[in-house]
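This structure is a prediction, so every number in the text was calculated from the model and none was measured. Worth knowing before you read on, the calculation uses all heavy atoms, side chains too, and leaves out hydrogens, waters and symmetry mates. We count ligands from 1, going down the list as the structure has it; atoms in each ligand are counted the same way.
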Amino acid sequence: MASDCDVAVIGAGAAGVAASVVAARSGCRVTLIDVGDRPGGQYYRGADLSPSPRAGVDYPALAGDLDRLVAAHAVDYRPRTTAYALERAGQRLLVRTRGDDRHRQDVDIIGAGTVILATGAFDRPLPFPGWTLPGVMTGGGAQSLVKGQHVLPGRRIVVAGTGPFLLAVAATLLEHGAEVAAVVEANDPVVGSVRQLRGLTSGLGKAGDLGRFIAALARHRVPYLRRHRIVEALGEDRVTGVRIARVDADWHPIPGTERVLECDAVSVGFGFVAQLDLAAQLGARMIRGADGGLAVEVDDDQATSVPGLLAAGETTGIGGVEAARVEGLVAGATAAVLSDHASALTPSALERVRRQVARWRRFAAGLHATFPVRDGWVDSVREDSLVCRCEEVPVSRVREAVALGARDARTVKLLSRAGMGWCQGRMCAAAVDGLCGFDDIASLQGASYRPVSVPVPLGALAAEPVEG
Ligand SMILES: Cc1cc2nc3c(=O)[nH]c(=O)nc-3n(C[C@H](O)[C@H](O)[C@H](O)COP(=O)(O)OP(=O)(O)OC[C@H]3O[C@@H](n4cnc5c(N)ncnc54)[C@H](O)[C@@H]3O)c2cc1C
């Protein structure tokens, strides 16, 4: 059945929950759509949170508010639902949805005056020899396995890549009883953080988390190897170890410094990539975020270049959970005004929230500058390493496409098949981007355009409701 609302929010992570609560408290009819079983997104994962004494400000308070608004039918919350297409119909936007994998036939078209995209991000892996061996997984994958399924990826695990997320993953693994053989960090955060002191002090609220992670590593005597990188994952049928090397400031391995760490699982992470499918469908303007990845461009009201389309959280650039939450609050307030409702956030409260957005974005920029992805991985990656694991495309085939004259991401995809498989480039796009070195944002955006963002059965499409 086709349905209608003032504000459709796609994604129930910190950003989407905050946006829904503010819009609904302002009197808007809100529909909140999320793939997951429970609200919370990647960070909270539907955790049972103790109620917060601070009304409506932090995430636990917002989550409690959301429960009450759903119970009062002020928010039509649709879990286990994927928004697979977004399109314009006159003044309104239409969100096409389907149920989860067991209920793909359950489809709907939701008409909305305003849509808030809060679809978050996914992991950014980079290829190295052996990265497709069973037992090698992304940091986010390891987190989901442990936090979501209560399953450890292995007994002795190497955590590698770059960024503070490595510490979060290592701490989670330790907390659940795994042995962490080492945290292998390609950058030098000691030097980097001194240079980025101003930006990093904007996020002093996160110092508690950092202290907890470092204490866990110290308690378990886990080596933290700065300026080191995995050059190869070893093993026949599954990973049995990794060869690591010291690297220079550009991540080129330094000859003679290689050694092997034995392990039965590896968790790698080089940051995150914003989910842009739905924004690309409407042609929303994109920018390069502080980490160099593509992100939806927004103004101070979280409005994109497309009328009626707002965005908040990681979709607008990787900024962490606190930036996502405060951007969500702003987006909810903007949606209220666009729907001719008085915002539930007073002008002074909104001003305070905007200052927090600026603060958390400064912090994120400081982190990205401390933990950049350096070009050395491009120079030292082996030609036969798979870059697109779905279509089994080696690095050499991507380079051949460029040598043949491909000058944009879409042509590389057509010539090499990288990005044409099941995941539709979600896993390899950042790596292909790095290998090709294209600068043109429009061409990269073109490559992320898909009219339908997830598989939808033809029968379900045929059964779609007639809108209106
Ligand atoms: C895999 C992973 C693990 C992470 N683990 C940590 C961690 O341990 N510690 C930490 O500090 N940070 C972690 N982060 C980063 C942190 O989760 C984010 O900073 C934060 O969650 C951002 O909030 P958000 O609301 O922007 O996005 P998210 O929390 O990612 O929420 C986005 C929501 O949108 C939903 N969604 C996406 N596309 C659609 C669609 N088409 N239709 C319907 N719903 C959709 C998703 O299912 C998700 O629930 C992790 C990130 C990822 C990707």
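Contacts classified as side-chain hydrogen bond (donor to acceptor under 3.5 Å, both in side chains) and involving residues 150-160 (residues at least two apart or in different chains) are given here: Arg156-Glu179. A salt bridge (Lys or Arg N to Asp or Glu O under 4.0 Å) check over residues 4-16, counting only residues at least two apart or in different chains, returns the pairs Asp4-Arg29, Asp4-Arg92, Asp6-Arg29.
Closer than 4.0 angstrom to ligand 1 sit non-hydrogen atoms from Ile10, Gly11, Ala12, Gly13, Ala14, Ala15, Ile33, Asp34, Val35, Gly41, Gln42, Tyr43, Arg45, Thr81, Thr82, Ala83, Ala118, Thr119, Gly120, Ala121, Phe122, Asp123, Gly140, Gln143, Lys147, Phe165, Phe272, Gln275, Leu278, Gly313, Glu314, Gly320, Val321, Ala324.
Few gaps surround CG on Asp299; more than 12 heavy atoms of other groups in view lie less than 6.0 Å from it.
Shown here are the salt bridge (charged side-chain N to carboxylate O under 4.0 Å, His left out) partners of Glu185, two or more places apart in sequence or in another chain: there are none.
Counting heavy atoms from C-beta outward, Pro39 and Leu66 have side chains that approach closer than 4.5 Å.
Listed for the Arg98 side chain is a donor-acceptor partner under 3.5 Å among the backbone atoms of Pro455.
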